[in-house]
Amino acid sequence: QVQLVESGGGSVQAGGSLRLSCVVSGSTGGRCMGWFRQAPGKEREGVATISFGGGNLNYADSVKGRFTISRDNAKRTLWLQMVSLKPEDTAMYYCAASRTTWLTNCPKEEAEFDYWGQGTQVTVSS
């Protein structure tokens with residue numbers, strides 16, 4: 001079983017930065033990891049994904065150039081560095097681990113991610 005615990009959320013003003021962390025336990029070998037977010041009244045959407053080796057990175061168009069996903073498998077930790085935050089980035093952020101292992105290209109659909117954290121809230125004020 002895979003367990004994920006996020007931290008690092010908070011309230012910031014527009015233009016500010018936050019770094020989200022996700023500590024992973026259990027069988028994570030070979031799994032893609034991802035960050036997803038859900039704003040009030042909206043469906044959950046993918047933010048970024050990263051392959052096990054870190055060579056495959058995907059970002060939503062809305063965060064390209066502002067967010068950076070990274071991982072350290074030895075530390076069993078996933079991060080999301082967020083800069084130049086905008087009010088529209090306000091959401092609950094979730095980390096997730098993929099069902100399938102050893103993929104060259106990570107999936108973008110949340111249905112392909114079986115393991116989820118409890119979420120951490122990010123609020124950006126204007």
Side-chain angles (χ1 to χ4, degrees):
Q1 189 67 301
V2 178
Q3 294 182 326
L4 310 168
V5 179
E6 304 98 332
S7 62
S11 297
V12 297
Q13 290 190 327
S17 301
L18 282 174
R19 190 190 196 201
L20 306 184
S21 300
C22 174
V23 177
V24 187
S25 61
S27 177
T28 60
R31 298 188 193 277
C32 289
M33 300 290 295
W35 287 98
F36 294 77
R37 66 186 182 186
Q38 186 168 22
K42 295 187 177 181
E43 293 186 351
R44 189 156 56 186
E45 63 175 355
V47 175
T49 61
I50 184 170
S51 59
F52 183 76
N56 178 250
L57 303 173
N58 294 295
Y59 294 94
D61 288 342
S62 59
V63 307
K64 282 181 181 177
R66 300 187 299 121
F67 290 11
T68 303
I69 188 171
S70 61
R71 67 190 292 174
D72 185 327
N73 295 323
K75 294 182 178 179
R76 306 180 74 83
T77 304
L78 174 75
W79 294 280
L80 185 68
Q81 178 68 52
M82 306 184 293
V83 301
S84 302
L85 282 161
K86 305 175 181 180
E88 50 263 44
D89 295 319
T90 295
M92 184 72 78
Y93 283 71
Y94 301 89
C95 70
S98 67
R99 176 189 317 119
T100 306
T101 56
W102 305 112
L103 294 168
T104 300
N105 297 309
C106 290
K108 298 178 182 180
E109 300 80 8
E110 66 173 89
E112 298 298 323
F113 290 79
D114 271 2
Y115 307 99
W116 294 82
Q118 82 290 349
T120 185
Q121 177 68 37
V122 171
T123 302
V124 184
S125 59
S126 57

Any side-chain to backbone donor/acceptor pair from T101 onto G30? Under 3.5 Å, distance only. no
Are the side chain of R31 and the backbone of S98 linked by a donor-acceptor contact shorter than 3.5 Å? yes
If we ignore hydrogens and angles and just use 3.5 Å, is the side chain of Q81 paired with the main-chain N or O of R19 as donor and acceptor? no
Taking R44 for its side chain and M92 for its backbone only, find out whether a donor-acceptor pair lies under 3.5 Å. no
Test your reading of the model: is there a side-chain donor-acceptor pair from Y59 to the backbone of I69, 3.5 Å cut-off? yes
Should M33 and V63 be regarded as members of a common hydrophobic cluster, given that ILVMFWY residues are connected when their side-chain heavy atoms come within less than 4.5 Å of each other, either directly or indirectly? yes
Determine, stepwise, if the pair L20 / M82 fulfils side-chain contact (heavy atoms from CB on, under 4.5 Å). CA-CA 8 Å; L20 306 184; M82 306 184 293; 3.7 Å; yes
Check L57 against I50 and note the closest heavy-atom contact, atom names and distance. CD2-CG1, 3.3 Å
Show, in sequence, the C-alpha distance, side-chain angles and deciding distance for D72 and T77, and conclude whether the side-chain hydrogen bond (donor to acceptor under 3.5 Å, both in side chains) test is met. CA-CA 5 Å; D72 185 327; T77 304; over 6 Å; no
Grab the two heavy atoms, one from L4 and one from Y115, that are nearest each other, plus how far apart they are. CD1-O, 3.2 Å
Mind checking whether Y93 and F67 have parallel, tilted or perpendicular rings, split at 30° and 60°? tilted
Show your reasoning for whether side-chain contact (heavy atoms from CB on, under 4.5 Å) applies to T120 and S7. CA-CA 6 Å; T120 185; S7 62; 5.6 Å; no
Does D89 reach the main-chain N or O of V122 with its side chain, forming a donor-acceptor pair under 3.5 Å? no
Please, which pairs that meet disulfide bond (SG atoms under 2.5 Å apart) have at least one residue in residues 81-126, sequence neighbours excluded? C22-C95, C32-C106
Checking R76 side chain against V23 main chain: does a donor-acceptor pair fall under 3.5 Å? no
NZ/NE/NH1/NH2 to OD/OE distance under 4.0 Å, K64 and D61: yes
Report yes or no: do Y94 and L80 belong to one cluster of Ile/Leu/Val/Met/Phe/Trp/Tyr joined by side chain heavy-atom distances under 4.5 Å? no
Do any N or O atoms from the side chain of R66 and from the backbone of S84 form a donor-acceptor pair under 3.5 angstrom? yes
Whether the side chain of E110 engages the backbone of E45 through a donor-acceptor N/O pair (distance < 3.5 Å, no angle test) should be reported. no
